[in-house]
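Notes for the one structure printed next.
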Amino acid sequence: MKLCVTGFSPFGGEPINPSYETVKGLPDRIGPFTLIKAEIPTSFSRAFSTLRPIIEAQNPDGIILLGQAGGRTAITPERVAINVMDASRPDNDGDSPSDLPIDPLGPAAYFSSLPIKKMAQAITDAGLPAAISNTAGTYVCNFLMYRTLHFLTETHRDIPCGFIHVPFIPEQVKDKNAFSLPLSHLISGIEAAILAL
Ligand code: PCA
């Protein structure tokens, strides 16, 4: 079985994005899954156009999208993506949509189709902090989760798909007063979540 796991490119002046660092650090096989790894640009216009051909070419059996949520104190499976783009800072192409729908004809929201409670429990059982998040924000991460779930629905691909936000790693917080988790912990937390799928 194939599992597509993605992380984002660095944004907001950060030199790295812990979500893609985590993706790179995951083994190529986890349980029954062979991983298909990809880096997604932190860009409203290019994020889904990067992921879509991968889904079409690979027909994965599941999709886990990862992103950075600096300031969060746990690995957080997201419950829902909403049909809103409202950027508080420009994306990597300088776009900052304000109060716009992702798809004017789309539903207000899509729920994650990952077993988020089971995944959060598996991360906790691995000795790491986890919590369900009820908002993926209104920036590029929420956008990618919404667009991907919308595409899977429209193309009748009935596969589990959702988003997990990860905190900063220690290298990023030397000049900030913010929570971080070592990259090795992010990797083992996400590995535990994948095994719970
Ligand atoms: N986090 C941002 C976008 C890219 C990322 O890693 C977000 O939460 O929207």
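The structure presented is a predicted model; accordingly, all values stated were derived computationally and were not measured. As the structure lists them, so they are numbered: ligands from 1, and atoms in each ligand from 1.
Within ligand 1, the atoms closer than 4.0 Å to a non-hydrogen atom of Asn17 are 5 (C), 6 (O), numbered from 1 in the order shown. Counting atoms of ligand 1 from 1 in the listed order, those under 4.0 Å from a heavy atom of Gly67 are 6 (O). Short contacts between ligand 1 and His165, defined as distances under 4.0 Å to a heavy atom of the residue, involve ligand atoms 7 (C), 8 (O). Close approach to Thr42 involves these atoms of ligand 1, each under 4.0 Å from a residue heavy atom: 3 (C), 4 (C).
Of the polar atoms of Gln68, at least one N or O is found under 3.5 Å from an N or O of ligand 1, judged by distance alone. Looking at ligand 1, you won't find any N or O of Asn142 less than 3.5 Å from one of its N or O atoms.
With a 6.0 Å cutoff to the six-membered ring centre and a 45° limit on the axis angle, Arg89 counts as a cation-pi contact of Tyr139.
Under 4.0 angstrom from ligand 1, the non-hydrogen atoms of Phe11 all belong to its side chain.
The main-chain N or O of Ser184 is found under 3.5 Å from a side-chain atom of Ser188 such that the two form a donor-acceptor pair.
Pairs passing the side chain to side chain donor-acceptor pair (under 3.5 Å) check and including a residue from residues 110-127, sequence neighbours excluded, read Tyr110-His150, Gln121-Asp125. Evaluation of the salt bridge (charged side-chain N to carboxylate O under 4.0 Å, His left out) test over residues 169-191, restricted to residues two or more places apart or in two chains, returns Glu14-Lys176.
Protein heavy atom in closest approach to atom 7 (C) of ligand 1: Cys141 SG, 2.8 Å.
Using a 4.0 Å cut-off between charged side-chain N and carboxylate O, Asp28 and Lys37 make a salt bridge.
Between Val80 and Thr135 there is no side-chain heavy-atom pair separated by less than 4.5 Å.
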